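Right, one structure below, let's go through it.
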Amino acid sequence: MDPLDLIRDKFSQECETGTVRRLLMAHFDMTEEQAQAEIDDYFRIVDMIDKERQGGK
């Protein structure tokens, strides 16, 4: 499992951002800043997908 898989899985379980950050830090030996950057990347990807589904609006 890579970090983005864990993020997607935990957010689909309605975990809070802080919980997901702590899990990333524990499972992947990340700093808080690294974990937050992974979460930010995840949300950028989700936003791009949403925009694409809406026809690029």
Side-chain angles (χ1 to χ4, degrees):
M1 176 178 281
D2 73 4
L4 289 178
D5 290 335
L6 183 137
I7 294 167
R8 183 184 65 240
D9 182 51
K10 295 306 173 186
F11 280 135
S12 72
Q13 295 174 17
E14 299 187 16
C15 290
E16 294 182 1
T17 303
T19 301
V20 176
R21 187 181 313 110
R22 285 189 298 278
L23 288 169
L24 286 169
M25 291 167 64
H27 288 281
F28 296 100
D29 195 31
M30 294 181 175
T31 65
E32 186 172 352
E33 292 78 17
Q34 291 169 321
Q36 186 61 52
E38 290 287 340
I39 292 169
D40 293 344
D41 286 346
Y42 170 80
F43 282 120
R44 273 192 286 282
I45 292 167
V46 169
D47 286 344
M48 287 188 311
I49 291 169
D50 287 346
K51 286 178 184 176
E52 194 66 32
R53 286 183 181 158
Q54 295 174 5
K57 296 177 184 177

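Owing to the predicted nature of the structure, the values given are computational and were not obtained by experimental measurement.
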- Task: Sequence neighbours left out, what passes salt bridge (Lys or Arg N to Asp or Glu O under 4.0 Å) with Asp5? Give chain and number order.
- Result: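 Applying salt bridge (Lys or Arg N to Asp or Glu O under 4.0 Å) to Asp5 gives Arg8.
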
- Task: Scan residues 9-33 for pairs that pass salt bridge (Lys or Arg N to Asp or Glu O under 4.0 Å), counting only residues two or more places apart or in two chains.
- Result: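 Residue pairs passing salt bridge (Lys or Arg N to Asp or Glu O under 4.0 Å), neighbours aside: none found.
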
- Task: Kindly indicate whether the side chain of Met30, heavy atoms from C-beta on, has any atom under 4.5 Å from the side chain of Pro3.
- Result: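 The answer is yes, as the side chains (C-beta and beyond) meet within the 4.5 Å cut-off.
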
- Message: Under the side chain to side chain contact (heavy atoms under 4.5 Å, CB included) test against Leu24, which residue among Thr31, Thr19, Leu6 passes?
- Response: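 Of the listed residues Thr31, Thr19, Leu6, the side chain to side chain contact (heavy atoms under 4.5 Å, CB included) partner of Leu24 is Leu6.
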
- Item | Connected-component partners of Met25 among ILVMFWY, side-chain separation under 4.5 Å |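 ILVMFWY cluster around Met25 holds nothing else.
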
- Pairs satisfying ring pair (Phe, Tyr, Trp, His ring centres under 6.0 Å), at least one member in residues 15-40, at least two apart: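 Sorted pair list comes back empty.
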
Under 3.5 Å, side-chain donor or acceptor atoms of residues 38-47 against the rest of the protein: list the pairs with distances, not counting sequence neighbours.
from: Asp40; atom 1: OD1; to: Gln36; atom 2: NE2; distance (Å): 2.9
from: Asp41; atom 1: OD1; to: Arg44; atom 2: NH2; distance (Å): 2.4

